[in-house]
Amino acid sequence: MEEEAAAARSETTVFHERQKLQFCLLHALNNLFQEKGVFTRADLHRIAEKLTLDDPTKQNWSPISVVFKPHHNVITGNYDVNVLIAALETKGKSVVWHDRRSGASTIDLDGSEGDRLMGIVVNVSVRRLRGLWKGRHWITLRTLDGVWHNLDSDLRVPVPFKDIEEVREFLESIIAGGGEVLLVMNQQL
């Protein structure tokens, strides 16, 4: 109910792709670009395979590496940060890993440095199946028409933040919980 009430505060039509299997990176990227199919499973699989072929440590793989490849799980997805960075580079974007020691207050959320910041992708630890399975989950935050939105694919609907301070508090909680904050920049560095 809280999600729906928060969504009603937003006047903007927001694209929101929902979670399927462990394809949260796919959904996070499409939510970031606000369009279905900007990236597909096949795109991310190709990127992950290229990263695997270019991997100088592939001689250290085990037989289980056939399914659990270095950059993704062939069956369920579950892509790593290298796939995120490579995918964004194909669209002319770059990723800056936020220094957690600085806290969220140093992130230019209000656009005072121009439109360099496209959005934020965070990676958090999650427990599923009643705590039996631990993994990681990708979440996109994006400003649309001046309003920041939580576009987490696990949410039923996108949730607008009340203000920039609420975004900072959310990011501080991600950092405090051991999550990673990645800034997606509009131009390559």
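The residues of the chain are indexed from 1 along the displayed sequence.
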Checklist entry - Can you name the nearest heavy-atom pair linking Glu17 to Leu26, along with the distance? => result OE1-O, 3.9 Å
Checklist outcome for this item: Ile175 and Ala104 have their tightest heavy-atom pair at CD1-N, 4.1 Å
Next on the checklist: side-chain contact (heavy atoms from CB on, under 4.5 Å) for Asn186 and Lys93? Distances and angles first, verdict last.
Outcome noted: CA-CA 5 Å; Asn186 275 316; Lys93 308 300 179 193; 3.2 Å; yes
Next on the checklist: Checking side-chain polar atoms at under 3.5 Å, does Asp80 have a donor or acceptor matched by the opposite partner on Asn82?
Outcome noted: yes
Item to check | Value rounded to 0.5 Å, distance of CD1 in Ile85 from OG in Ser94 | outcome: 10.0 Å
Checklist entry - Where is the tightest heavy-atom contact between Gly179 and Arg136, given as atom of each residue plus distance? => result CA-NH2, 4.1 Å
Checklist entry - Can you find a heavy atom in the side chain of His98 that is under 4.5 Å from one in the side chain of Glu180? => result no
Item to check | Reported NE2-to-CG distance for the pair His27 and Asp154, which is rounded to 0.5 angstrom | outcome: 9.0 Å
Next on the checklist: Quick check: closest heavy atoms across Ala87 and Leu29, and the distance to 0.1 Å?
Outcome noted: CB-CD1, 4.0 Å
Next on the checklist: Counting C-beta onward and ignoring hydrogens, is there a side-chain heavy-atom pair between Leu151 and Gln34 closer than 4.5 Å?
Outcome noted: yes
Checklist entry - Do the side chain of Trp138 and the main chain of Leu84 share a donor and acceptor less than 3.5 angstrom apart? => result no
Checklist entry - Is the closest side-chain heavy-atom distance between Val81 and Asn123 below 4.5 Å? => result no
Item to check | CG-CG distance between Leu44 and Leu25, expressed to the nearest 0.5 angstrom | outcome: 5.5 Å
Checklist outcome for this item: Sorted by chain and number, sequence neighbours left out, side-chain hydrogen bond (donor to acceptor under 3.5 Å, both in side chains) with Thr40 holds for Asp43
Checklist entry - In Å and rounded to the nearest 0.5 Å, what is the CG to OG1 distance from Leu171 to Thr106? => result 10.0 Å
Next on the checklist: Please tell me whether His149 and Asn31 have a donor and an acceptor in their side chains that are separated by less than 3.5 angstrom.
Outcome noted: no
Checklist entry - If every non-hydrogen atom of Ser102 is compared with every non-hydrogen atom of Ser105, which pair is closest and at what distance? => result O-OG, 3.9 Å
Next on the checklist: Any non-hydrogen side-chain atom of Trp148 less than 4.5 Å from a side-chain atom of Glu166?
Outcome noted: no
Item to check | Side-chain donor/acceptor of Arg168 to backbone N/O of Gly103, under 3.5 Å | outcome: no
Next on the checklist: Test side-chain contact (heavy atoms from CB on, under 4.5 Å) on Lys91 and Phe39; report intermediate values, then the result.
Outcome noted: CA-CA 10 Å; Lys91 302 295 184 190; Phe39 290 98; 3.6 Å; yes
Checklist entry - Heavy atoms, side chains only, cut-off 4.5 Å: are Asp108 and Leu117 in contact? => result no
Checklist entry - If we only count heavy atoms from C-beta on, is the Val181 to Ile174 side-chain gap below 4.5 Å? => result yes
Next on the checklist: Using side-chain heavy atoms (C-beta onward) and a distance below 4.5 Å, is Leu183 in contact with Arg116?
Outcome noted: no
Checklist outcome for this item: Separation between CE (Met118) and CE (Met185), nearest 0.5 Å, reads 12.0 Å
Next on the checklist: For Ile47 versus Ala86, what's the shortest heavy-atom pair and its separation?
Outcome noted: CG2-CB, 3.5 Å
Checklist entry - Do Val38 and Leu32 have side chains that get closer than 4.5 Å, going by heavy atoms? => result no
Item to check | Pairwise distance CD1(Ile139) to CZ(Phe170) - rounded to 0.5 angstrom | outcome: 5.0 Å
Item to check | Linked, directly or transitively: Phe33 and Phe15 (ILVMFWY side chains, under 4.5 Å) | outcome: no
